Amino acid sequence: MTTVAVKPATMAQALTRAMRDAMAADPTVHVLGEDVGTLGGVFRVTDGLAKEFGEDRCTDTPLAEAGILGTAVGMAMYGLRPVVEMQFDAFAYPAFEQLVSHVARMRNRTRGAMPLPITIRVPYGGGIGGVEHHSDSSEAYYLATPGLHVVTPATVADAYGLLRAAIASDDPVVLLEPKRLYWSKDSWNPEEPTAVEPIGRAVVRRSGRSATLITYGPSVPVCLEAAEAARAEGWDLEVVDLRSLVPFDDETVCASVRRTGRAVVVHESGGFGGPGGEIAARVTERCFHHLEAPVLRVAGFDIPYPPPMLERHHLPGVDRILDAVGRLQWEAES
Amino acid sequence: MTTVAVKPATMAQALTRAMRDAMAADPTVHVLGEDVGTLGGVFRVTDGLAKEFGEDRCTDTPLAEAGILGTAVGMAMYGLRPVVEMQFDAFAYPAFEQLVSHVARMRNRTRGAMPLPITIRVPYGGGIGGVEHHSDSSEAYYLATPGLHVVTPATVADAYGLLRAAIASDDPVVLLEPKRLYWSKDSWNPEEPTAVEPIGRAVVRRSGRSATLITYGPSVPVCLEAAEAARAEGWDLEVVDLRSLVPFDDETVCASVRRTGRAVVVHESGGFGGPGGEIAARVTERCFHHLEAPVLRVAGFDIPYPPPMLERHHLPGVDRILDAVGRLQWEAES
Amino acid sequence: MTVMEQRDGYRPSPPPAWQPRTDPAPLLPDAEPYRVLGTDAAAKADPGLLRRLYAELVRGRRYNAQATALTKQGRLAVYPSSTGQEACEVAAALVLEDRDWLFPSYRDTLAAVARGLDPVQALTLLRGDWHTGYDPHEHRVAPLCTPLATQLPHAVGLAHAARLKGDDVVALAMVGDGGTSEGDFHEALNFAAVWQAPVVFLVQNNGFAISVPLAKQTAAPSLAHKAVGYGMPGRLVDGNDAAAVHEVLADAVRRARAGGGPTLVEAITYRVEAHTNADDATRYRGDAEVETWRRHDPIALLEHELTERGLLDDAGIQAARDAAETMAADLRERMNQDPVLDPMDLFAHVYAEPTPQLREQRAQLQAELEAEGETP
Amino acid sequence: MTVMEQRDGYRPSPPPAWQPRTDPAPLLPDAEPYRVLGTDAAAKADPGLLRRLYAELVRGRRYNAQATALTKQGRLAVYPSSTGQEACEVAAALVLEDRDWLFPSYRDTLAAVARGLDPVQALTLLRGDWHTGYDPHEHRVAPLCTPLATQLPHAVGLAHAARLKGDDVVALAMVGDGGTSEGDFHEALNFAAVWQAPVVFLVQNNGFAISVPLAKQTAAPSLAHKAVGYGMPGRLVDGNDAAAVHEVLADAVRRARAGGGPTLVEAITYRVEAHTNADDATRYRGDAEVETWRRHDPIALLEHELTERGLLDDAGIQAARDAAETMAADLRERMNQDPVLDPMDLFAHVYAEPTPQLREQRAQLQAELEAEGETP
Ligand SMILES: Cc1ncc(C[n+]2csc(CCOP(=O)(O)OP(=O)(O)O)c2C)c(N)n1
Ligand SMILES: Cc1ncc(C[n+]2csc(CCOP(=O)(O)OP(=O)(O)O)c2C)c(N)n1
Ligand SMILES: [Mg+2]
Ligand SMILES: [Mg+2]
């Protein structure tokens, strides 16, 4: 074993380490995808795995996403635990039929006889100056597909923990990796044993009493920044990082909203039909009489992801979040 | 021209008639898909078109959905107006990349220089005893894809009107056709000129004062039935048929909810991440202080569509709707 | 780099990477489909195998007829019959070892049954009480697959996984002529060839994809010719000649087992009945064509061969039919019983553990059923 | 139908539907890629065409160098260079008539430029100020396509539509070796052949799909061999020999125009630079291989031919270079200007008319920008 990184580590390194540890612990774990072998992936997240475990364990596939996911289904049928890398969010779409019609349903179709422990790693979201088709936020599609778990880390430690959990899960897990956090660092130490995060648990990243920002993935750091900035306005914001979109942690989210009485859902994905609608609706269903104001949403616009030079106008930023917080009817008029 | 049907007509016949009228009026309208020619489609919705307009206008394609939609893109680029039939909801998934990455975006990518006037007809939903993959409600996927219009008829007249509008639209329109309403009849007269429905307009199907049922497609008749049954409980329910999911008619929906103060969204698609979340969230954002209770949702369960013998347990029925209405906090406790 | 620098670099002949890596000639199918019955090759066929094939064909034909009858009685939601295609179905099942895997499409319940699956379990999907009615691991039969061609990459992945594990397992995947047009067909065959996976692709070219005839499906010389584009051999076989199908598949299986990689087999056959009981085939084809094919019937072909050679007498024929009738009677009886269903199963298998959301929904349905007095 | 009825139906020979509908032999590519330069065929080549190709190659190389330089100056977000592949790019552009259509991939800005597109417009996508920087109808160049192989069915549909309309239009679609593995490649070629659409598929086999070499992409004898599986001819050509590429494409275009249907052309070339400026090619290939290919350079090959034959002298070479430098200087200058962007464009082209929802969102952004004092 070679040393992967010194602390602080990046999210990309934590993901690499998670796969490496899983592959070392369990010979049935196989990584496959485009350029994941020799190159180590276009984001270098699989760096070194082919060298350490051989090309049969970390395989450069032909360039065909349905083929990648479809063969992963067959490998999982035979008892392997494939970890599939989709090179970019939009390039997972060719595999959509395999995902929806097989990956998500095989356990159910076979009354549990044929579970598919497949991890599907999807780099998602924008903010990296990528040209079209390289910055989609596709979580709405996965969310609406029963049979999939959908998780997304916002911290280096969670990247490790959630990927380990995904690989260990007997069910298919879509791991949405926020591209623009790949190179974010924190003090996670890759040389020390690190927790496997149970899938389905949100976490309060910052406590506050005025209102709750409900968010995940790439928007978590933005919300934390907004919460800091909000202090100047006299607001003490709580930030909940969902981490898992499916299953959804109603308990943690609702406990927070009941405490604060106000909430804003923040995500980069388009607003219309996006995760925010589901989240706002379920929070409202459960916390209606605790709400001082409707749950608001700050999301990407309902447009195809913009070209690099315009993306900053699209991405939910601190100002837009504070603006929404300001509209939470602090002087309730009825 | 041959006579298509006498009154009353079925929804399937109205759809056929819409294509026939559009093809007669505009030589650039072309129908393509699997079995749409000689056979007239597995639901017979394209019956007679190949005979009347020739196989070049109504074409049996090879069996490949991405190919069908992808070639339709090219045809639209050259000025045709393709009307594509996807044989069943789940068999549209192979075309997902073409849909999301091209159909929905081409106008935007080219700053309006290359609009794609493509109609994509997708038979959707269950209740017809179909085996797996034949009863999906896939609207959540289309809803979350900016650039598409998404419409769905609940009446014979709307089937005609919306399909005409879809074909006339310079933008891609996904027309979700409720399978179990294909053979529903009403007194629509196919021999008389019939209105093209403007896309984006909901309609109040039944006026009422107690609460609003917000619904669309196959759930409209169920909601109307529920509204009748609700009279016994002393509730006078309003039923709004959305018809168009994108664009969304906030005006009509919110006007109704502001009037009634209570709302239940009803659809057959899975609840989690389904259209109901979006609808409930936006209604709440806009009508918060008019709401006596949270907007509730009655939806399919968050499971793969069940086998025929169990589907009745899955589908939102009258009882489940009335049950939700009953939970609208008629004696508001705060 | 400027243009100038290039001038010295002149080398007229291209780098050696250009040599084709495989010779295409052996990959190409013969012009005529391979036949055994009624040809000289028949003499070399194993009589025991032929008799076994015969018994299974007779049983298979009866199975198809019984299943179709069950749709008329409302006992099956739908049935895509393989009548006329029994030679392919049966040969595909018989050519495999127990440890091998079969990947059937929706039309291939017969292959699953011939492989040993309980017909009632094989028909669960089409009866409508559940999706897959059997544990795929028990007989190594993957779930009947409805989304066309999507089962092909599964077969490749499974075969590849087995090979990586060092297991001697071959996967045989079945697909129709229409299914070959899907992208998944292409991707699966390409992966199989690149990985040299031990998999055999059996295309049953039965002339139609629902109403669409082959000529609207492809312009290829034959579907077997697609093999060369992946670097695997393509074989063309008379799909109504059970002995020929078995031999060609057996060759392919042997090759796969020996590490020789995948094979694409096109079996030319005919869908004698409608696409399913719900289909009206008269809308798109004439009786004459059907009749031509009925006269090239797989059972008749094999029966003729066996009786001519004295390998089968009237008693043998009767025995095969009696066995088929016994199977049919048993099937009929068991399919006439209403399956016992638990609505709570809707939530039981979506995930290993139901999510909190599904637990809520399960409780809701449970409460509804109790209110209705319909407690399971 | 019982088994009994079948017996009379015995007919050993199969129905005539079995005859292969096309002869595969003419569809198969030659074993060796077609070459012109440095062979006897060169004598027959049109000197005017060769000189035109040469000028475009020189300009193309310079264009590639300039675009790559612009990435270093931060003026382009990313650039996938076609250095070393200019013969394919240029021949693809020059072989088409004005009324024909070109379907380029992300790597093919050069082909678009050689077809007449303003280089600044062609580079818009890669500069990042918009997606497609030009009106596709103006030069009949479809938007540069990033999702691999998805442009191929577009080309087929467009060509088919033109033919239905009775227009004499051919579509030429470009794709990489990696792109041939995608399902869309398969579906597009199949549709094209079934419809006999006037389309030419040009595969630039440049040895790599990012880091993945051809041997991991396919086991086929050649990519051109895939053609036979669709029933169209496959041609293999030296992709660095501009005269050969032009001739093979011209044949295919002529065939398409005459109603002969589609052709698949595989041009064997090499991606001399990294996948894009963001890629580190040393991670997956050695310098030696690159050097071998640099010595089989498309410009050098053609320059050698022209000078040997007295069709080009030093003055001619200099003139080509001067023209290229002029283009590069102009490109540099114009790319160094910041594009003027209107954030409101985000909402302008999603639909013909913005939806009420988009109007709300536009108003929100407008208000934000006004608040920031950043009114457009
Ligand atoms: C992806 C997909 N598209 C469409 C269908 C609908 N469909 C079911 S069977 C069929 C025809 C299949 O023809 P073929 O592959 O030749 O098989 P056969 O029915 O002849 O056995 C079609 C179009 C499907 N099941 N899956
Ligand atoms: C559907 C899809 N999957 C993955 C990618 C990411 N990607 C961009 S270029 C590339 C390699 C393409 O190789 P090839 O087709 O040989 O073209 P080349 O880059 O060599 O010109 C990949 C994998 C993509 N653009 N689209
Ligand atoms: Mg068929
Ligand atoms: Mg390449």
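Throughout, a chain's letter reflects where its sequence line sits, starting with A, and its residues are numbered from 1. Not measured: the values here are computed from a predicted model.
For His149(A), the parts lying near chain C are the backbone and the side chain together; criterion is any non-hydrogen pair under 4.5 Å. Only the side chain of Thr59(A) has a heavy atom closer than 4.5 Å to any heavy atom of chain C. With a 4.5 Å cut-off on non-hydrogen atoms, Ser101(A) touches chain C through its side chain but not through its backbone. Heavy atoms of Val194(C) lying under 4.5 Å from chain A belong exclusively to its side chain. Residue Leu125(C) does not touch chain A at all, counting heavy-atom pairs closer than 4.5 Å. For Leu189(C), no part lies near chain A; criterion is any non-hydrogen pair under 4.5 Å. Residue Ala72(A) does not touch chain C at all, counting heavy-atom pairs closer than 4.5 Å. Within the 4.5 angstrom heavy-atom criterion, only side-chain atoms of Arg282(A), from C-beta onward, approach chain C. Contact of Glu65(A) with chain C is made through the backbone alone, with heavy-atom distances under 4.5 Å. Contact of Asp171(A) with chain C is made through the side chain alone, with heavy-atom distances under 4.5 Å.
Between Arg111(A) and the choices Asp345(C), Asp135(C), Asp342(C), the salt bridge (charged side-chain N to carboxylate O under 4.0 Å, His left out) rule is met once, by Asp345(C). Exactly one residue among Arg258(A), Arg259(A), Arg205(A) makes a salt bridge (charged side-chain N to carboxylate O under 4.0 Å, His left out) with Glu238(A). That residue is Arg259(A).
Taking Pro62(A), Ala64(A), Ala66(A), Pro94(A) one by one and counting their heavy-atom pairs under 4.5 Å with chain C, the maximum is reached by Pro62(A). Counting heavy-atom pairs closer than 4.5 Å to chain C, the top residue among Ile68(A), Asp170(A), Thr28(A), Asp249(A) is Ile68(A). Ranked by heavy-atom pairs shorter than 4.5 Å toward chain A, the options His131(C), Gln151(C), His160(C), Glu353(C) are led by His131(C). Per-residue heavy-atom pair counts under 4.5 Å with chain A were compared for Ala155(C), Ala159(C), Ala162(C), and the maximum is reached by Ala162(C). When each of Met106(A), His102(A), Met77(A), Met114(A) is checked for heavy-atom pairs under 4.5 Å with chain C, His102(A) comes out on top. Interface remark: of the candidates Asp250(A), Leu69(A), Thr110(A), Thr110(A) forms the most heavy-atom pairs closer than 4.5 Å to chain C.
Electrostatic pairing of Arg243(A) and Asp241(A) does not count as a salt bridge here, judged by no charged N lying under 4.0 Å from a carboxylate O. Using a 4.0 Å cut-off between a side-chain N of Lys or Arg and a carboxylate O of Asp or Glu, Arg115(C) and Asp108(C) do not qualify as a salt bridge. Ion pair Arg121(A)/Glu34(A) not flagged as a salt bridge, since none of the NZ, NE, NH1 or NH2 atoms sits closer than 4.0 Å to an Asp/Glu carboxylate oxygen. A salt bridge links Arg99(C) with Asp168(C): the closest approach of a Lys/Arg side-chain nitrogen to an acidic carboxylate oxygen falls below 4.0 angstrom.
The line from OH of Tyr78(A) to CG of Leu164(C) is 10.5 Å long, rounded to the nearest 0.5 Å.
Residues His225(C) and Glu266(C) bring no donor and acceptor atom of their side chains to less than 3.5 Å of each other.
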